[in-house]
Number of protein chains: 2
Amino acid sequence: MSGTTTLLVLDAEPSPRLGRLTGRARIVHADETSLAAHLPDADVLLVWDFASRAVRDAWPGPGPRPRWVHTASAGVDHLLCPELAASDTVVTNARGVFDQPIAEYVAALVLAMAKDLPLTWRSQNARAWRHRETRRVAGSRAVVVGSGPIGRAIATTLRALGVTAAVTGRAPRPGVHGPEDLDRLLSRADWVVAAAPLTPETEGMFDARRFGIMQPSARFINVGRGRLVVEKALVEALSKRWIAGAALDVFEREPLSREDPLWDVPNLLISPHMSGDTVGWRDSLAAQFVRLYERWEAGEPLPNVVDKKRGYVPGH
Amino acid sequence: MSGTTTLLVLDAEPSPRLGRLTGRARIVHADETSLAAHLPDADVLLVWDFASRAVRDAWPGPGPRPRWVHTASAGVDHLLCPELAASDTVVTNARGVFDQPIAEYVAALVLAMAKDLPLTWRSQNARAWRHRETRRVAGSRAVVVGSGPIGRAIATTLRALGVTAAVTGRAPRPGVHGPEDLDRLLSRADWVVAAAPLTPETEGMFDARRFGIMQPSARFINVGRGRLVVEKALVEALSKRWIAGAALDVFEREPLSREDPLWDVPNLLISPHMSGDTVGWRDSLAAQFVRLYERWEAGEPLPNVVDKKRGYVPGH
């Protein structure tokens, strides 16, 4: 590759620390409004502002397109438009950076719900000493929907706590159940964890029927993508006590507006899409991109290549 | 033993399910006010109301005393008066019942603090979307003060989450640090967990000096006994930001009154002495006593015998 490679960065504050790339590539920063104008001149696009859907919107425009797009996120649903999917452009993601942090976050939610910490802390606010019996985590059953590295890390961490954790994916393989087992596993689970990519197959998969077959004692956790869940169906399932509780880190629309009725649904815990974001996460994402860039520059094959038809990185 | 064994139960609601003992022993129920009158006729005393200090008060009175006292708790500080300690009466405790539940509870608190769940849920109440970076648990360092089965179970569970966990006890032994290592371990720990019995050596051990040597990022958790901690010193350490946070499940005086200033100390999480109390715990405690009773009735040696001088069950 020549020294005049143009690296276009769809930015969000703070900008990535591209360290070793400084002076090696021509780095151009764009925001949502200027992205379309810069796309034809870019060899590489780094989607640093992974909350933006600007790539999806701008990609179908006129002119040449980058040969490589990297997103600083595990999910790629925010950028995969049909034109990008049909093109020769290689898309890579941040596979690996979020696995362990998200697994810990799910363990935190599972334990917090088992030990009823939300009510304990509400009671503290009310200066009320309310002793209750809580639940054991060891011996309980979880099903993790999503068999990528995040889903498998969640299962591993829950198993370390004595939970019997099954993983389901798009197709059965060793250690992973296929879709044909999903409903049976859901109907027996104490914990249902959504950690799947958003694809046409997974969109809205947690609907009224699936909440209906869960146990009344079951708790549902979504750390994948908001649109895996039909939020209205979840609210109904909670209000009718089809399930005992839920925790959402992702939503149909983010950020939630102050007016959103979800904020005060009983037995629903809300966090602002932060399950994978531990101290230093942005530096990890930037360092990962720099490593991939150096491989690309050297003409070596890239890891983390997204199957643009399926909408995720396939394989183990 | 004759069929006329009198089993005195210092009661609290709900009463223990003594199952197989019904009709085999003469079971007499006492409360705090009637305990003294019944003590001289009792062969065995079951301290079911483990929050009561009535045994300590009533024991020095006139007349014969039970030959065996069992408490449905891990700690024995609430009953060990000098007269009982000096007597031939055997004291046993509920060793084993609380280990895993308390270990899970500590893991819940560690993860909740690492992931900043308290602020997330306060933000939810305020309908505020406040994204933050949180901390990894794996790779952090804990010191567990207390080398009995509860302390060791806590360390094992934290290690399963990738935490480097050291255990300290009254004397060094394989896998357990002696008191000479305590201050050094405290000064490097991200998590300090108190799970020691209350004895003259441990009372007030977490004082201003010890909070002073902890890291500003350290978090302190007490699931042992309230009086391990000088509460005033902890409040000062939190207000001066000597440490980052604390969670107390036990207190100098329980239950906390509504007027207690502890309820709203910033960065202090309060729970009502429930860390070990998972669904079915009372049945487990009752079943354990029945097993011990049958051994005692058969003249077999009892497990869980408390060293009344030390104030806990010694050994592994």
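Below, chains carry the letters A, B, ... as their sequence lines are ordered, and counting in each starts from 1.
- Between A/W263 and B/S123, the closest heavy-atom pair is CZ3-O, 4.5 Å.
- With a threshold of 4.5 angstrom between heavy atoms, B/L119 does not approach chain A through any atom at all.
- To the nearest 0.5 angstrom, B/R130 atom CZ is 14.0 Å from A/S271 atom OG.
- Side-chain contact, A/E133 with B/W281: a donor N or O sits under 3.5 Å from an acceptor N or O.
- Of the residues considered (A/P255, A/A103, A/A160), A/P255 shows the highest number of contacts with chain B, using heavy-atom pairs under 4.5 Å.
- Residue with the most contacts toward chain A among B/Q124, B/E259, B/M274: B/Q124 (heavy-atom pairs, distance under 4.5 Å).
- The nearest pair of heavy atoms linking A/L109 to B/W121 is CD2-CZ2, 4.2 Å.
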TODO: Applying salt bridge (Lys or Arg N to Asp or Glu O under 4.0 Å), run through A/D260 and B/R127 and close with a yes or a no.
DONE: CA-CA 8 Å; A/D260 201 295; B/R127 299 176 155 257; over 6 Å; no

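- Sparse packing is recorded around CZ of A/R253, with 12 or fewer heavy atoms of other residues, nucleotides or ligands lying under 6.0 Å away.
- Ranked by heavy-atom pairs shorter than 4.5 Å toward chain B, the options A/G162, A/P118, A/A107 are led by A/P118.
- Side-chain contact check for B/E254 versus A/W129: some heavy-atom pair is nearer than 4.5 Å.
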Task: Worked verdict on B/L117 versus A/L117 for side-chain contact (heavy atoms from CB on, under 4.5 Å) - done: CA-CA 9 Å; B/L117 295 182; A/L117 295 182; 6.0 Å; no

TODO: Go through A/V279 and B/R136 one step at a time and tell me if the side-chain contact (heavy atoms from CB on, under 4.5 Å) criterion holds.
DONE: CA-CA 8 Å; A/V279 172; B/R136 286 294 308 275; over 6 Å; no

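- Contact count against chain B (heavy-atom pairs under 4.5 Å) is highest for A/P272 among A/G280, A/S275, A/P272.
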Open item on the list: What verdict does the side-chain contact (heavy atoms from CB on, under 4.5 Å) test give for A/T278 and B/K115, after you've listed the backbone C-alpha separation in whole Å, the side-chain angles of each residue and the deciding distance to 0.1 Å?
Closed with: CA-CA 8 Å; A/T278 48; B/K115 304 306 174 187; 3.7 Å; yes

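- Interface check for chain A: of the options B/R132, B/H273, B/R135, B/R159, the most heavy-atom pairs under 4.5 Å are formed by B/R132.
- Considering only heavy-atom pairs separated by less than 4.5 Å from chain A, the leading option among B/L161, B/D264, B/L262, B/V137 is B/V137.
- Options B/A126, B/G276, B/A128 differ in how many heavy-atom pairs under 4.5 Å they form with chain A, and the most are formed by B/A128.
- Ranked by heavy-atom pairs shorter than 4.5 Å toward chain A, the options B/V110, B/N125, B/T120 are led by B/T120.
- When atom types are taken as modelled, the side chain of A/E104 and the backbone of B/L111 share no donor-acceptor pair closer than 3.5 angstrom.
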